[in-house]
Structures are given as structure tokens and as C-alpha cells.
Amino acid sequence: MMIYQSIEINKNRLILVKETLFSGQSFMWNESDHEGGIYSSVIDGSPVLIKQDNPYSLSVSVKKNELFGIPVRRFFEHYFSLDIATNSLFDDEFAARYPDLAFRLLKLQGLRVLRQDPYETLVTFMCAQGIGMSIIRRQVNMLCRYFGNEVRVADGGRDTPLYSFPAPSVLADADPALLRRCCNNNSMRAGNIGEASRLLALGRLDLQALSDPSLPLSEIRTELTALKGIGFKIADCIALFGLGRFDAFPIDTHVEQFLSSWFSIGAHQKGLSQKRYLHLQEKAVELLGESLSGYAGHHLFHCWRTTEKNMKAF
DNA sequence: AACCAGGTCTCAG
DNA sequence: CTGAGACATGGT
């Protein structure tokens, strides 16, 4: 018997975005014109169905009363970061300086950055080096398929198998050849993910401790970049998407492009050295404000990809 | 057919 | 500290 919970959200238009669905494990809200989107995932070992009933509300189906010991409704309010006012990510000064952009961003007020599982986020972004979203998604899907646990869920009429994201101890002991296949045949990446998983399984690295909101971002970055395969960008992504640090501002190839194109930040050089990365980040935070720069940056990221690069929705 | 994808590491200068 | 090359493969 499925327990059916309903969540209503502000008066924003909201739709599930599939573009950022790396795995079926993680996703984001987005504005869109169609309704009725349905999304399935495995959270805390349980199959979860999330459905858009109308532009203003979602419904969540899950067999449990609680996820991670938190009542389901409250969990999803946290998961979808409903505590964040997405209509004030960009202030009046920003709107005055960039009126056209501010207008375009209005449509994205439904875009929500999720508070996702730290380990899942870490592995997912370790899979995201210099390749397209489709390959990233495939890697994470394969990791779940081969190393996660299967759960079944009634999706409308049919019975679809879902797979949980594997625990650190599982990837820590994974068969190297199979792990490499799941990592786009990149043995270096597979090795790095295995090594990071081993450190976590052994307790040498504690992502829970890194979730402490009082930690300075620089300290989080220092801890994460100590791992092979994690540089500034991925460390900041883990902080933003996996540690709930909406003040973390990752700079990838798209962000670098819009910083230059829209805001004339860092226009004259190319290549992202560590020094330049920190410089661009400082300028971006100056522009977007300290506390939610990463959240705002994600709105800009999405706006750039959809309205300037004309990339597909998923 | 090139070139770009949610980069990072290594190694030379 | 900076720059070039390797890593790998699907999309446009």
C-alpha cells in the first residue's frame, strides 16, 4: 500500500527537469510548458515516485512514513530546498544592470537545487570530467545497475525495476574491470572512485562531518581536493549539490562562458588555472551575493544552456 | 569531419 | 605558475 503525500509549492511554475537527471538518482525542478511529468528514484532504499500534478504542485508516492528518520513530507521540503526563496535570487541592482537577463530568469524561478546525498553526488561528479551529460548519466546508471540494489515499483500499469545508488563499501570492493566499464572505460576515473569509496568505507573521510554548515568553504574544498580526481570544480559541485552549500559556486565550461559573455568577467584569457578559477569565483560572488551565489549560479547555468546554447532539455 | 562536452593529472619549462 | 597532452566517447 503506497502512502500518498502531496506537496504544494508557492505559486511558481514547476516541472521536473530531466536534463540534470544524471542517474535517476538526482534531479532538479524546472520551468516547462508540459505537465504530467513523472519521475522515479530510490531514496533511503525505498522506491519513490514523484509526479507533477499541475504547474503548482507535486505528489510524492513512497511506501514509508519516513525517509532517513524524517517524516516524508518534511524530507521532501528539505530535499527540494523549499526554504529557499527562488524569486529573490537576483536583487534589484542586478535587474537594473541586466534587464534582459533578469527577464529571462523569471521563467526559471521554479528551478530548484536539491539537497542530495553527499556520496552519490561525489561519485556522480567524479564521473563528469570533460564529457557530455549523456555519458555522465550512463555511467551513473550503470553504477546503479551493476552495484546497487534492485527495488520494484508499480509505475502506472507496469512494474519497472529501479536500482539504488551503491554504498561506498560496495564500490570500494568492486571488480576493477566492471567498475571501469561503468566509468566510460576510463581506468583512471574508476581507480579514483574506488579509492575515494575505500577512504569513506574505512572512515578516513567523513562526508557527514563536511556537512557541518559552519565549516568555511575553503576547508571543505581542501578536504575534497585531497582526493585524486577531485579539483576545485568538482569539489564545489559536491558542496553545492551534496552538502547543501548554496554559497558554493562551481565554475565549469558553461559558467566560464556566461561569466565572460554576460558579465565581462575573465574575458581575455582562456584555460582555468587554479588561480584564475579563484579569481573568477570571487568576481561572481561579488556579483551574486555571498549566501546564495551557487544557487543563483545554477539558474544562470540553466539559462545559458537553454537560451544561448539551445541545448536540449534532456 | 572537427570540435565540444558540468575536468583533472602529469610533466616539462 | 602556466601550458600542452592524455584520458575516453557521444552529440552536434
Side-chain angles (χ1 to χ4, degrees), chain A residues 17-28 30 108 111 113-114 116 120-143 176-196 221-243 245-246 248-261 266 268-281 284 293-314:
Chain A
V17 79
K18 293 184 180 170
E19 174 202 352
T20 38
L21 300 188
F22 282 138
S23 63
Q25 306 297 319
S26 40
F27 56 89
M28 299 185 188
N30 189 22
L108 294 183
L111 176 63
V113 176
L114 304 187
Q116 296 165 101
E120 179 178 329
T121 306
L122 179 143
V123 174
T124 295
F125 279 98
M126 287 182 81
C127 290
Q129 300 171 342
I131 53 181
M133 289 246 191
S134 56
I135 300 181
I136 300 169
R137 211 157 27 226
R138 189 183 65 191
Q139 291 174 89
V140 183
N141 280 330
M142 287 180 72
L143 287 171
L178 181 55
L179 186 57
R180 194 190 71 237
R181 274 218 297 138
C182 294
C183 294
N184 200 35
N185 287 322
N186 188 320
S187 55
M188 185 170 56
R189 177 176 305 150
N192 291 338
I193 288 174
E195 177 65 16
R221 180 151 57 202
T222 302
E223 292 281 332
L224 291 176
T225 54
L227 301 174
K228 282 177 193 161
I230 298 185
F232 282 2
K233 187 270 173 182
I234 290 180
D236 287 339
C237 279
I238 296 167
L240 174 61
F241 298 108
L243 301 175
R245 290 301 292 259
F246 300 146
F249 188 90
I251 301 175
D252 61 32
T253 168
H254 292 112
V255 174
E256 184 184 10
Q257 288 169 33
F258 76 62
L259 285 179
S260 167
S261 173
H268 41 295
Q269 302 167 45
K270 40 185 110 153
L272 262 186
S273 66
Q274 288 199 344
K275 184 175 180 180
R276 193 165 115 84
Y277 185 100
L278 293 176
H279 172 70
L280 297 186
Q281 194 173 60
S293 59
Y295 212 119
H298 194 70
H299 278 233
L300 292 168
F301 169 86
H302 193 73
C303 188
W304 174 259
R305 285 169 52 92
T306 54
T307 73
E308 298 269 355
K309 302 291 289 276
N310 291 320
M311 302 187 88
K312 288 194 305 184
F314 58 89

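All chains are named by letter (A, B, ...) in the order of the sequence lines, taking the proteins before the strands, and each is independently numbered beginning at 1.
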Rounded to whole Å, please give me the gap between CD in A:Q139 and P in C:dG10. 11 Å
Could you tell me whether the side chain of A:R276 and the main chain of A:G271 form a donor-acceptor pair under 3.5 Å? yes
Choose from B:dG6, B:dT8, C:dG11 the nucleotide whose nearest atom is closest to any side-chain atom of A:S134. C:dG11
Tell me the interatomic distance from A:L278, atom CG, to C:dT2, atom P, rounded to whole angstroms. 11 Å
With rounding to the nearest 0.5 angstrom, report the CE to CG distance, A:M142 to A:N184. 9.0 Å
Report yes if the distance between the aromatic ring centroids of A:F246 and A:H298 is under 6.0 Å, otherwise no. no
Within the sub-3.5 Å range, which N or O atoms of nucleotides 6-8 of chain C have a protein N or O partner, and how far apart are they?
from  : atom 1 : to     : atom 2 : distance (Å)
C:dA8 : OP1    : A:N186 : OD1    : 3.1
C:dA8 : OP1    : A:S187 : N      : 2.5
C:dA8 : OP1    : A:S187 : OG     : 3.2
C:dA8 : O5'    : A:N185 : O      : 3.2
C:dA8 : O3'    : A:N184 : O      : 3.3
C:dA8 : N1     : A:G130 : O      : 3.4

Aromatic-base stack, A:F125 on B:dG6, cutoff 5.5 Å, angle under 30: no
C:dT2 phosphate, OP1 or OP2, under 4.0 Å from A:S273 side-chain N/O: yes
Among B:dT8, B:dG6, C:dT9, the nucleotide that comes nearest once only the side chain of A:I234 is considered: B:dT8
Just the rounded figure in Å: distance from C1' of C:dT9 to CD1 of A:I136. 12 Å
Distance check needed: B:dG6 C1' versus A:Q257 CD, whole Å only. 11 Å
If you measure from the C1' atom in C:dA8 to the same atom in B:dC4, how many Å do you get, rounded? 14 Å
In terms of relative ring orientation, are A:F258 and A:F249 parallel, tilted or perpendicular, with 30° and 60° separating the classes? perpendicular
Write down the distance between CE (A:M142) and P (C:dT9), rounded to a whole number of angstrom. 11 Å
Considering only the P atoms, how many Å lie between B:dG6 and C:dT12, rounded to the nearest integer? 11 Å
Determine the interatomic distance between P on C:dG5 and the same-named atom on B:dC3; round to the nearest Å. 14 Å
Whether A:K228 contacts B:dT10 is assessed here as follows: a side-chain N or O lying under 4.0 Å from the phosphate OP1 or OP2. Is that the case? no
Nearest-nucleotide pick for A:I135, side chain only, options being B:dG6, C:dG10, C:dC1: C:dG10
Can you check the A:F258 CZ to B:dG6 C1' distance for me, whole Å? 11 Å
Whether A:R245 side chain and A:G294 backbone form a donor-acceptor pair below 3.5 Å: no
Could you tell me how far apart A:M126 (CE) and B:dG7 (C1') are, to the nearest whole angstrom? 11 Å
Run the side chain to side chain contact (heavy atoms under 4.5 Å, CB included) test against A:K228 and tell me which residues pass, sequence neighbours left out. A:N192
Have A:S260 and A:E256 got a donor and an acceptor in their side chains that come within less than 3.5 Å? no
Walking DNA chain B from its 5' end, the first of A:V255 and A:T225 to be reached, judged by nearest nucleotide, is A:V255
What's A:E256 touching, base or sugar-phosphate or nothing? Going by heavy atoms closer than 4.0 Å. nothing
Within the 4.0 Å heavy-atom criterion, would you say A:L272 contacts the bases, only the backbone, or no part of the nucleic acid? nothing
Could you tell me the separation between the CG atom of A:N310 and the P atom of B:dC4, rounded to a whole number of Å? 17 Å
A:Q274 side chain N/O closer than 4.0 Å to the phosphate oxygens (OP1, OP2) of C:dG3? no
Is it true that the side chains of A:Q139 and A:N186 contain a donor and an acceptor less than 3.5 Å apart? no
